[in-house]
Amino acid sequence: MNSVAFYLLLLLLLISVATPPPTSATTIGVTYSTPPSISTSAALSPDRIAAKVVSMKIPAVRLLDSHPSMIRAFAYTNVSLFLSVPNPLVPLLASNRSLAMRWCYRHVLPFYPRTKISIISVGNDVVSYSPDVSPFLLRAMQNVHLSLADLRIYKISVSTTFSFFNVVPTAFPPSSAQFQEPTGEVIIRPILQFLERTNSSFLINLFPYNVYRSIFSIPIGFALFEEGPFNFRDDLTTGVRYRNLFDMMVDAVISSMAVMGHENLPVIVAETGWPSSGIDAGEVDATLLYSEMFLKALLGHLRSGVGTPLRKEGVAEVYVFELVEKEAKQGIRNWGLLHHNLTSKYGFEFSGGGGGKGSRFVEVLVGFFVEVVMLCLLM
């Protein structure tokens, strides 16, 4: 028995040494919405999309249109799903608790926990796209949260998604950022209190491309994470030097929450990316080259684990917009990682994580020592 104890102790020591430390706490996922074309939708079945996501080792997907068939396709995959309630449903869910329960019955109860659902966003950028719906946001969120509790589902958080461009009027300096008024006091403050009370996260669509286009003085290298003599901005209030636009925008959000007393809330970047084509010829920086440069640099930055100056652990999750490109036609921006046939548009492999060589080595090591211990017990 002493030899068995020795082998078990050795096994534990080797696992602790061999297991590589996590390089980043940030989960990197993608967004997906069903293509509007009927023929394309038929070709891209939910099972095919789920299989592609699994093959790319992407750990999380934000479903912008949460069709039950797509939710079902991710059952037993260990891919975490971020569901969305459409903006037109927000006032209905706010005014009728039974409708909120019905939504949960249709989109959550039949699949959870076989499908790993982590969060539900009630509405997406409601403040700008549906301003008349904004007053209903909090009540709708509360009704969805209470409906989940009634179903004894406590591990799915409920939030709503804002757009940086529409709620944070000034990105620089980050230390002076505040939410746009009156939206901040009337809409966002009560929602922050709800998120704090329910241990949920603040969701924000954050596109450096949009801020870069709107502020002439921002160099392209600063937006693309490039090192260079002019690719930085100093916040003179805090003395912090920012090396990229993404971190500057994240810290502007954190400062805006801090003004309202909620600086410690987790932040999830619900959408980010760089378009590979623009609406018209005037968008000269919406190119495949710049899109690839941004995505490679963003992934490297998030995986480095350095976080931002105001949040050393970084944001909790980041979702790249989007998995599959839209129809290639004039007048729309394309952001997709993949073509319609699910082949990659870029010269690098996008992978959200998953088990690497280190984890595979530990699995082999464990298997070997389990066999050794079993042999010792039989002797």
Side-chain angles (χ1 to χ4, degrees), residues 20 22-35 43-67 69-84 111-121 124 156 161 201 203 205-207 246 267-276 291-292 294-305 314-326 334-360:
T23 57
S24 173
T26 301
T27 298
I28 306 171
V30 296
T31 72
Y32 179 76
S33 57
T34 306
L44 298 179
S45 66
D47 288 338
R48 189 179 174 198
I49 292 296
K52 184 63 177 179
V53 167
V54 171
S55 71
M56 294 174 71
K57 298 181 181 178
I58 296 174
V61 175
R62 180 187 183 191
L63 297 179
L64 293 168
D65 43 11
S66 302
H67 294 304
S69 59
M70 185 63 72
I71 300 170
R72 182 184 296 108
F74 282 96
Y76 304 109
T77 62
N78 205 36
V79 174
S80 179
L81 293 190
F82 172 153
L83 304 186
S84 305
F111 316 111
Y112 182 85
R114 295 182 301 279
T115 298
K116 188 177 175 183
I117 301 169
S118 61
I119 191 166
I120 298 170
S121 175
N124 179 34
I156 300 177
T161 305
S201 303
L203 312 180
N205 296 336
L206 189 149
F207 289 94
F246 181 86
V267 174
I268 292 177
V269 177
E271 294 177 13
T272 192
W274 194 282
S276 57
S291 180
E292 180 167 349
F294 176 83
L295 290 173
K296 286 179 67 174
L298 173 69
L299 297 181
H301 179 61
L302 295 174
R303 289 169 181 160
S304 71
V315 293
E317 301 170 25
V318 172
Y319 291 83
V320 173
F321 185 84
E322 58 188 334
L323 181 63
V324 182
E325 68 179 8
K326 295 182 173 67
N334 261 311
W335 307 75
L337 295 170
L338 306 175
H339 295 295
H340 291 294
N341 61 1
L342 300 188
T343 59
S344 178
K345 285 168 56 179
Y346 302 102
F348 71 99
E349 182 179 350
F350 182 96
S351 173
K357 293 182 179 178
S359 60
R360 179 59 183 157

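Just so it is clear, the model here is predicted, and its values are computed rather than measured.
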Q: First locate atom CD1 of I119, then atom CG of L81, and finally report the distance between them rounded to the nearest 0.5 Å.
A: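 Taking CD1 in I119 and CG in L81, the distance rounds to 12.5 Å.
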
Q | Inter-residue atom distance D65.CG - Y32.OH, 0.5 Å rounding | A |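 Reported to 0.5 Å precision, the distance equals 8.0 Å.
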
Q) salt bridge (Lys or Arg N to Asp or Glu O under 4.0 Å) with K345: which residues, sequence neighbours excluded? A)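 In terms of salt bridge (Lys or Arg N to Asp or Glu O under 4.0 Å), with neighbours along the sequence ignored, K345 is linked to E325.
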
Q.
Suppose we screen for salt bridge (Lys or Arg N to Asp or Glu O under 4.0 Å). Which residues come up paired with E292, at least two apart in sequence or across chains?
A.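 For E292 there are no salt bridge (Lys or Arg N to Asp or Glu O under 4.0 Å) partners, ignoring immediate neighbours.
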
Q: Taking side chain to side chain donor-acceptor pair (under 3.5 Å) as the test, write out the residues that go with Y319, two or more places apart.
A: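 Y319 satisfies side chain to side chain donor-acceptor pair (under 3.5 Å) with E317 once adjacent residues are dropped.
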
Q: Just jot down the side chain to side chain donor-acceptor pair (under 3.5 Å) partners of S118, sequence neighbours excluded, or say none.
A: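 Listed in chain order: S80.
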
**Q.** Those residues that, when tested against S55, pass side-chain contact (heavy atoms from CB on, under 4.5 Å) (two or more places apart)
**A.**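 If we apply the side-chain contact (heavy atoms from CB on, under 4.5 Å) test to S55, skipping adjacent residues, the hits are K52.
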
Q.
We want to know whether S291 and Y346 form a side-chain donor-acceptor pair, criterion being a heavy-atom distance below 3.5 angstrom.
A.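 Yes, a side-chain donor-acceptor pair sits under 3.5 Å.
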
**Q.** N341-T343 side chain donor-acceptor pair, cut-off 3.5 Å
**A.**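 Yes, T343 and N341 have a side-chain donor paired with an acceptor closer than 3.5 Å.
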
Q. Which salt bridge (Lys or Arg N to Asp or Glu O under 4.0 Å) pairs, counting each pair once, include a residue from residues 70-82, with sequence neighbours left out?
A.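 Passing the test, one end in residues 70-82: no pairs.
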
Q: Please tell me if the side chains of F74 and K116 come closer than 4.5 Å, counting only heavy atoms from C-beta onward.
A: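 Heavy-atom side-chain distance check fails, nothing below 4.5 Å.
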
Q) Any side-chain heavy atom of L44 sitting closer than 4.5 Å to one from L342? A)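 Counting from C-beta outward, L44 and L342 do come under 4.5 Å.
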
